[in-house]
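We name chains A, B, ... by the order of the sequence lines, and we start the count at 1 in each one.
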Number of protein chains: 2
Amino acid sequence: MENTAIEPEHSESACKGTLRPIRDALDILNGKWKLPIIVALTFGEKRFSEIAKEIDGITDRMLSKELQDLVTNGLVKRTVEETFPVKVTYSLTPHSKSLDDVIESLRKWGILHKSYLVNRDK
Amino acid sequence: MENTAIEPEHSESACKGTLRPIRDALDILNGKWKLPIIVALTFGEKRFSEIAKEIDGITDRMLSKELQDLVTNGLVKRTVEETFPVKVTYSLTPHSKSLDDVIESLRKWGILHKSYLVNRDK
DNA sequence: GATAGCACTATCCTCTATGATAGTACAGTA
DNA sequence: TACTGTACTATCATAGAGGATAGTGCTATC
């Protein structure tokens, strides 16, 4: 057993190295609503009910919870204007703007996938 | 009430138009494992157990199930070599290669997010 | 003969994401 | 006075994602 396919135990595989940041990203962006919420806010700051109106099917409960998550992770800023009644506004942070490429590539791929399905099913 | 902010009911908001393909994409790529599996296969075709080795934490059951999903959606090709014993190989399809941009942007953002966290917490 | 690898499948179980519904406190409007 | 809008929170329920464990039929290896 002098040379049973020596594994490079010192340097992990390139694959694992690539996988790590991707899994980190997915941990933050997981779920059905986080990216849609961020996308909605790329069109400008919005109030709670305005976001709800843009995203079909989301419930108040989900929107509230996901917004909190996003604020905690530094991806959304919550601003309260001390008027009567208070006005609450949500907007993107510089950090969430760095998601532009992710969003754009996902959008393009969504379109591509749809046309793929059309071609396949005919 | 002659002009109470007429909504453009004919043309939906730009926001909703952008959201649709993104939600389509997320529907296909959802879950913890699909993208990691595709990433693993970008490093070349692999056998079942080889994929399992690259992706920490995945169980056989999940890998099997997710691979089936991916094959169904045209994102992975399953090849059986009729040797003894049979050798099963998984590889990407041309269509899944169109995910390159998504994966690369996600990888970059994962790295960026990590350094964001480091800067924020100090 | 025992064990290990391969590519799975079958059960069972738990937990979390998501959904449905209702309620709150206040203000403005008809 | 009744209703609506705003920005939520609370409670309850459920489907399904995901995990743990074991088994299968075959072969190759110790």
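Close approach of DNA chain C to chain B, defined as any atom under 4.0 Å from a non-hydrogen atom of the protein, starts and stops at C:dC6 to C:dT11. First and last contacting nucleotides of DNA chain D toward chain A (any atom under 4.0 angstrom from a heavy atom, 5' to 3' order): D:dT6 to D:dT11.
Within residues 43-56 of chain A, no residue has any heavy atom under 4.0 Å from DNA chain C. Non-hydrogen atoms lying under 4.0 Å from DNA chain D are contributed by A:S64, A:Q68, all within residues 63-71 of chain A. At a non-hydrogen distance threshold of 4.0 Å, A:G31, A:K32, A:W33 from residues 26-35 of chain A come into contact with DNA chain C.
Counting heavy atoms from C-beta on, the side chains of B:L92 and B:L75 never come closer than 4.5 Å. B:K32 is not listed as a side-chain neighbour of A:L26, based on a closest heavy-atom distance of 4.5 Å or more. Under the 4.5 Å side-chain criterion, counting only non-hydrogen atoms from C-beta, B:Q68 is not in contact with B:V71. A:V80 places none of its side-chain heavy atoms less than 4.5 Å from the side chain of A:K87. Taking the side chain as every heavy atom from C-beta outward, A:L99 and A:L29 approach each other to under 4.5 Å. When side chains are defined from C-beta on, B:S64 counts as touching B:F48, because their heavy atoms get closer than 4.5 Å. In this structure, A:V88 and A:R78 have side chains that are in contact, with non-hydrogen atoms separated by less than 4.5 Å. In this structure, A:R23 and B:W33 have side chains that are in contact, with non-hydrogen atoms separated by less than 4.5 Å.
For the ring-ring contact (aromatic ring centres under 6.0 Å, His included) test, residues two or more places apart in sequence or in another chain that qualify with A:W109 are A:H113, B:H95.
Within 6.0 Å of NZ in A:K77 there are 12 or fewer heavy atoms belonging to other residues, nucleotides or ligands. No more than 12 heavy atoms of other residues, nucleotides or ligands lie within 6.0 Å of NZ in A:K114, so this atom counts as exposed by the packing criterion.
No side-chain donor from either of B:T79 and B:T89 sits under 3.5 Å from a side-chain acceptor of the other.
Of all the heavy atoms in B:I51 and B:K46, the pair that sits closest is CG1-CB, 3.7 Å.
When hydrophobic clusters are built by joining Ile, Leu, Val, Met, Phe, Trp and Tyr residues whose side-chain heavy atoms come closer than 4.5 Å, directly or via intermediates, B:Y116 is not grouped with B:L112.
A salt bridge does not link A:K108 to B:D101: none of the charged side-chain nitrogens sits closer than 4.0 Å to a carboxylate oxygen.
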